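Down below is the structure, laid out as structure tokens.
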Amino acid sequence: MLMLAGIVVLHITGIILLLVATIDNAWWITDKLSTDLWGRWELNDLTWHYTNQQGYADEFTRVRKLAVFMCVSFSVVLQSLNICQTVQATSVLSCVFTILALFVFVAQLFTLPKGQRFTFTGVLQLIACLCIMIAASIYTAELHTDDKVGGYGHSYVLAWISFVLTFFSAITYLVLRKKSE
């Protein structure tokens, strides 16, 4: 019973960390800027101003016009938006798969025959683990690579910690058998 409680606590901790990493606004931080997967906060005159993805779309239109005027490659601008959307999508998918895996685990506790492994739950956790790893890896490799000021925030760190937790959880589910009484 204690092992079951530990597994559930590990799983719920992973869910909470994934949700905080996906929602909170501290993937990249400077003294006057804080960004997340959905927008950015800028400090102007002691007030934080939020710019969401719609604002990025307006900026995208402005940059596109400037790119045409300056003969700059439009594909570079488009690639940056696609990268951001990829990180968003894989982060959300990791949250969905982890929450789904918890429900599947609870269902398997009552329906799985004795001595069977929690394979489906483990596979869902492994998919969630891969999704958050892909999101954090793409963010690391593609965004803020040229920025000289700032650093990765606590949401970025939480994403990597949740990767480790979901990986351990996936391995636990794949190895674990339902106890026969």
Side-chain angles (χ1 to χ4, degrees), residues 1-30 33-41 48 50 52-53 82-145 147 150-181:
M1 189 65 162
L2 188 60
M3 184 174 176
L4 180 64
I7 291 170
V8 170
V9 166
L10 177 68
H11 197 127
I12 291 175
T13 302
I15 290 172
I16 291 169
L17 291 179
L18 279 171
L19 288 172
V20 169
T22 302
I23 296 169
D24 200 16
N25 64 340
W27 277 68
W28 183 263
I29 54 173
T30 67
L33 177 74
S34 181
T35 63
D36 61 10
L37 302 179
W38 313 103
R40 65 179 169 211
W41 291 88
W48 287 97
Y50 181 72
N52 61 13
Q53 288 293 26
N82 288 340
I83 289 168
C84 190
Q85 289 173 346
T86 303
V87 173
Q88 289 173 347
T90 52
S91 295
V92 170
L93 280 173
S94 69
C95 294
V96 168
F97 281 123
T98 303
I99 292 169
L100 182 63
L102 182 62
F103 287 121
V104 169
F105 175 65
V106 171
Q108 283 183 328
L109 279 175
F110 296 108
T111 60
L112 199 65
K114 307 276 187 220
Q116 297 293 315
R117 295 187 189 274
F118 294 93
T119 307
F120 188 57
T121 304
V123 168
L124 287 175
Q125 277 293 90
L126 199 56
I127 292 170
C129 171
L130 291 174
C131 283
I132 197 61
M133 181 193 67
I134 289 169
S137 297
I138 290 173
Y139 194 88
T140 304
E142 298 293 334
L143 299 173
H144 306 291
T145 55
D147 291 353
Y152 296 108
H154 66 269
S155 295
Y156 175 82
V157 174
L158 288 178
W160 281 112
I161 292 171
S162 63
F163 160 71
V164 173
L165 289 179
T166 54
F167 180 74
F168 286 146
S169 180
I171 298 301
T172 303
Y173 286 129
L174 291 172
V175 171
L176 186 68
R177 288 184 185 267
K178 187 169 181 184
K179 196 174 192 178
S180 52
E181 298 175 313

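Bear in mind the structure is a predicted one, so any value in this text is a computation, not a measurement.
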Residues in side-chain contact (heavy atoms from CB on, under 4.5 Å) contact with [X], at least two apart in sequence or another chain:
| X | result |
| --- | --- |
| Leu100 | Val104, Leu124 |
| Leu33 | Thr30, Thr35, Arg40, Glu42 |
| Ser155 | Asp24, Ala26, Trp27 |

Sequence neighbours left out, what passes side chain to side chain donor-acceptor pair (under 3.5 Å) with [X]? Give chain and number order.
| X | value |
| --- | --- |
| Tyr152 | none |
| Thr121 | Gln108 |
| Trp28 | none |
| Thr22 | none |

(Q) I want to check something: taking the side chain as every heavy atom from C-beta on, are Met3 and Leu176 in contact at a cut-off of under 4.5 Å? (A) yes

Q. Hey, are the side chains of Ile7 and Phe118 touching, using non-hydrogen atoms and a 4.5 Å cut-off?
A. no

Q.
So, using ring-ring contact (aromatic ring centres under 6.0 Å, His included) as the criterion, who are the partners of Trp48 when residues are at least two apart?
A. none

In Å and rounded to the nearest 0.5 Å, what is the [atom1] to [atom2] distance from [X] to [Y]?
| X | Y | atom1 | atom2 | result |
| --- | --- | --- | --- | --- |
| Thr119 | Leu126 | OG1 | CG | 11.5 Å |
| Leu93 | Ile134 | CG | CD1 | 9.5 Å |
| Glu142 | Ile83 | CD | CD1 | 4.0 Å |
| Cys95 | Ile16 | SG | CD1 | 11.5 Å |
| Tyr139 | Trp160 | OH | CH2 | 13.5 Å |

Q) What side chain to side chain donor-acceptor pair (under 3.5 Å) pairs are there with at least one residue in residues 90-102, not counting sequence neighbours? A) none

**Q.** Contact list for residues 12-21, test side chain to side chain donor-acceptor pair (under 3.5 Å), sequence neighbours left out
**A.** none

Q: State, to 0.1 Å, how close Tyr156 and Ala136 come at their nearest heavy-atom pair, and which atoms those are.
A: CE1-O, 4.0 Å

Give the table of side-chain donor-acceptor pairs shorter than 3.5 Å for residues 165-175, with sequence neighbours excluded, one pair per line with atom names and distance.
from, atom 1, to, atom 2, distance (Å)
Thr166, OG1, Ser162, O, 2.9
Thr166, OG1, Phe163, O, 3.0
Ser169, OG, Gln125, NE2, 3.0
Thr172, OG1, Phe168, O, 2.7
Tyr173, OH, His11, ND1, 2.8

